[in-house]
Protein chains: 4
Amino acid sequence: MTDRRARRHDPGRRDRLIDAARRVIAERGVAGTTHREIARAADVPLGSTTYHFASLDEVLAEAFGRHAAAAADVFDERLGAATDRDSAIEAVIALIRDDLIGSPNDLVMAVELYVAAARNPALRAVTQAWMQRSRDALERHFDPTTARELDALIEGLVLHSVLSTDPMTPEQIRHAVERYLR
Amino acid sequence: MTDRRARRHDPGRRDRLIDAARRVIAERGVAGTTHREIARAADVPLGSTTYHFASLDEVLAEAFGRHAAAAADVFDERLGAATDRDSAIEAVIALIRDDLIGSPNDLVMAVELYVAAARNPALRAVTQAWMQRSRDALERHFDPTTARELDALIEGLVLHSVLSTDPMTPEQIRHAVERYLR
Amino acid sequence: MTDRRARRHDPGRRDRLIDAARRVIAERGVAGTTHREIARAADVPLGSTTYHFASLDEVLAEAFGRHAAAAADVFDERLGAATDRDSAIEAVIALIRDDLIGSPNDLVMAVELYVAAARNPALRAVTQAWMQRSRDALERHFDPTTARELDALIEGLVLHSVLSTDPMTPEQIRHAVERYLR
Amino acid sequence: MTDRRARRHDPGRRDRLIDAARRVIAERGVAGTTHREIARAADVPLGSTTYHFASLDEVLAEAFGRHAAAAADVFDERLGAATDRDSAIEAVIALIRDDLIGSPNDLVMAVELYVAAARNPALRAVTQAWMQRSRDALERHFDPTTARELDALIEGLVLHSVLSTDPMTPEQIRHAVERYLR
DNA sequence: AATGAATGAGAGTTCATTCAT
DNA sequence: AATGAATGAACTCTCATTCAT
């Protein structure tokens, strides 16, 4: 562990706090995300969190914003690499199977965000932007109606798969997606 | 509002507390569901909530359990009334459109449950049972694979519709479901 | 476990509650002795404790009184069986070694009583009576001055022996008592 | 009493809280020692007690520790001032008569500690250390066996004297000690 | 005669936020 | 610029006691 005093000038600290907040949300949920917990996760003093952010809500908004951006990047990459409809379908399947179901933390973050957004307007904007980026990525290869329906299907499949004690197999994922798109 | 002193003998209070908890969860989220808030909603003294339940978690589990049962009943009724595949499809459409999207509180409750279940094993069982009942209802008319995929699709459609500033129209819902089932 | 309903008429219940209270005090201390805990230990409903006793203090007083009487009985028996000064000395040694140090619960009860008596006059009387009976028993064989000093020595030896991680051996007990009395 | 607002910066508050806790334990017993009572005695807000100590047990341990150290200091001083066996005997008599019986609060603290230690391992260590220091002080003038026995005798004499409605006179104390040591 | 339900006071503890340094 | 101390509100939970049945 680095000497605390070495950090007195620490330009990246705000960033580190946001990342620490992401980790805390994923591990303990929004309900368990406190200034103290974030400070501990970032290994900075308590006063630092309130110094860099006006309120806990601000930290949450930044943390969720950054998480959504990262998740949307993955979406973009998968679909940006596809060249035709067939490879786009494969990209969707891989996305669900490898990126989304494979890291259940992401689903946790998404659901935490939905819940938090229900009572916090600032987070509603984050949710909207995230959904919009997903849909835009899908519209590179599918018409708007299909993109929207597909986006919903993806969310439903991931949700049920992660929450279930009996998660869907890769074949089942493929089956569901192909049934919809072919 | 009845005189408080008249309540010294009050059978059914436990039930009323559970219903009060459902309302509080819907209005303020699990994070805002405290003994005090529940007591206020049920118009009973604070001590009453801790007398009837060993812990707040127990109240949450009962409240979510009751909510899930009610939601599953609606599911059952809609699909139980269908007589053939075509009317089953119409039942699914009506369910999404009128019952699920129409009462956004239900979606809020579902998402709150998912989040709470992530950190509370007792709630995981509630989630499982709820999902199972939905799937069973769908299997009255569709094969198991279809039922499972359809269940996920329904969840995704409702989620995206309710969370979006631009909710899906009834026609879009119909389109998505028919595309899947016909 | 007997059927609860069979107890509806239960003349010995008050007694059983007092004994239950003794056990609870020994196990959990006065601080942990509540109506609920006593009722549980006696396997009777909560309301029963407040029905049979006007207050928790009353239960404590009865419990300590009964305990003190039992402890004094042991004292009496040991010294009553002695026939001369020598056998009285042996009786004191056996008393300390086998009866007092051997059942550390008794010391716990005594110390709990001292603490409780500091704030509860009713218990002060119990303490006084207990001390008096000990001294009376010793005076069967020793002059009053010796009896009083010896009583204090016994208490000190037991206290230090039970509280210490390195308790006194039987030989050390004998040595201390004989040094005093021979 | 100083204006509360003047206290926003208050070094040494932790210390003051520990001393306040000592006073509260002596006056109300461990059972009556609550965060709120300590805060009141120290004239600080409730939140301050939980800011400075992780738990109430921690406050108790610190308070008893400090009390034991002070009591042991008195022991040390009395016996340190003695130069030979005779003056050591006089020191013991003065200690019992003037320091121990003279301040019954000390006995209360000791007994409270014994009771609390029965259920709190952290306090057991405090008890042990205290006993050890007493014995060490006595061993400056007496052999280990005598020191140990004498330590127990002192405790017993003080206990019976303070608890009794008919406390021992200075002459009786002297008689008991001399009988043992000469 | 006996009891489960009810209640109000108070417990320990956490925490967002403020502020003096 | 940065932080540890400070604070007040709110939290969950326990409990002696009261009371309607």
Side-chain angles (χ1 to χ4, degrees), chain A residues 4-5 7-11 13-14 31-39 44-59, chain B residues 4-14 31-39 44-59, chain C residues 4-5 7-11 13 31-39 44-59, chain D residues 4-14 17 31-39 44-59:
Chain A
R4 271 278 184 86
R5 280 164 304 175
R7 296 262 188 62
R8 203 75 195 199
H9 246 341
D10 184 359
R13 177 171 292 190
R14 195 170 187 281
T33 301
T34 66
H35 280 134
R36 279 158 181 81
E37 212 61 47
I38 296 168
V44 302
L46 168 60
S48 194
T49 61
T50 51
Y51 176 74
H52 286 286
F53 301 91
S55 74
L56 192 55
D57 275 357
E58 187 183 318
V59 191
Chain B
R4 268 279 185 84
R5 281 163 305 175
R7 293 276 184 61
R8 187 81 210 206
H9 178 61
D10 183 6
R13 176 173 289 190
R14 196 171 186 280
T33 300
T34 67
H35 280 135
R36 279 162 178 78
E37 213 60 46
I38 295 168
V44 301
L46 170 59
S48 192
T49 62
T50 53
Y51 173 75
H52 285 285
F53 302 92
S55 71
L56 192 54
D57 274 358
E58 188 183 317
V59 192
Chain C
R4 273 274 184 87
R5 279 163 306 176
R7 296 262 188 62
R8 204 73 196 201
H9 245 340
D10 184 0
R13 175 170 295 188
T33 301
T34 66
H35 280 135
R36 280 158 183 79
E37 212 62 46
I38 296 168
V44 303
L46 167 60
S48 193
T49 61
T50 51
Y51 177 75
H52 287 285
F53 302 91
S55 72
L56 192 55
D57 275 356
E58 188 184 319
V59 191
Chain D
R4 269 280 186 84
R5 279 163 305 174
R7 292 277 184 61
R8 186 80 209 207
H9 178 61
D10 183 6
R13 176 173 291 189
R14 196 173 186 279
L17 282 168
T33 301
T34 67
H35 281 134
R36 281 160 180 81
E37 212 61 46
I38 295 169
V44 300
L46 168 60
S48 192
T49 61
T50 53
Y51 174 75
H52 284 286
F53 303 91
S55 71
L56 191 56
D57 275 357
E58 188 183 318
V59 191

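Throughout, protein chains are lettered first and strands after them, A, B, ... in sequence-line order, and every chain is numbered starting at 1.
- Look at D/Arg13 and you'll find a side-chain N or O under 4.0 angstrom from OP1 or OP2 of F/dT7.
- Nearest to the side-chain atoms of C/Pro45 among the listed nucleotides E/dG4, E/dT7, E/dA6 stands E/dG4.
- Residues D/Thr33 and D/Leu56 share a closest heavy-atom pair of O-CD2, 3.5 Å.
- Summarising the geometry, atom NE2 belonging to D/His35 is positioned 7.5 Å from atom CG belonging to D/Leu46; distances are rounded to the nearest 0.5 Å.
- For residues 45-54 of chain A, the set of pairs meeting the salt bridge (Lys or Arg N to Asp or Glu O under 4.0 Å) definition, not counting sequence neighbours, is empty.
- Taking the side chain to side chain donor-acceptor pair (under 3.5 Å) definition, one finds that C/Ser48 meets it with C/Arg13, sequence neighbours left out.
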Provide a list of protein-nucleic acid N or O atom pairs under 3.5 angstrom, restricted to nucleotides 13-15 of chain F.
| unit_1 | atom_1 | unit_2 | atom_2 | d |
| --- | --- | --- | --- | --- |
| F/dC13 | OP2 | B/Leu56 | N | 2.8 |

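- Contact check, B/His52 against E/dG4: no side-chain N or O comes under 4.0 Å of OP1 or OP2.
- Distance check, rounded to the nearest 0.5 Å: OH of A/Tyr51 to CZ of A/Arg14 gives 11.5 Å.
- Residues passing the side-chain contact (heavy atoms from CB on, under 4.5 Å) test with B/Ser55 are B/Asp57, B/Glu58, sequence neighbours excluded.
- Shown here are the salt bridge (charged side-chain N to carboxylate O under 4.0 Å, His left out) partners of A/Arg36, two or more places apart in sequence or in another chain: there are none.
- In this structure, A/Arg14 atom CZ and F/dA1 atom P are separated by 15 Å, rounded to whole Å.
- Within the 4.0 angstrom heavy-atom criterion, only backbone atoms of the sugar-phosphate kind lie near D/Thr33; the bases stay farther away.
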### Message
Before you tell me yes or no, could you show the steps for B/Val59 and B/Ile38 under side chain to side chain contact (heavy atoms under 4.5 Å, CB included), namely the whole-Å CA-CA distance, both residues' side-chain angles and the distance that decides it to 0.1 Å?
### Response
CA-CA 10 Å; B/Val59 192; B/Ile38 295 168; 3.9 Å; yes
### Task
Toss me the dot-bracket line for DNA chain E: Watson-Crick and G-U wobble, both under 3.5 Å, 5' to 3', using | for pairs to another strand and [ ] for crossers.
.||||||||||||||||||||
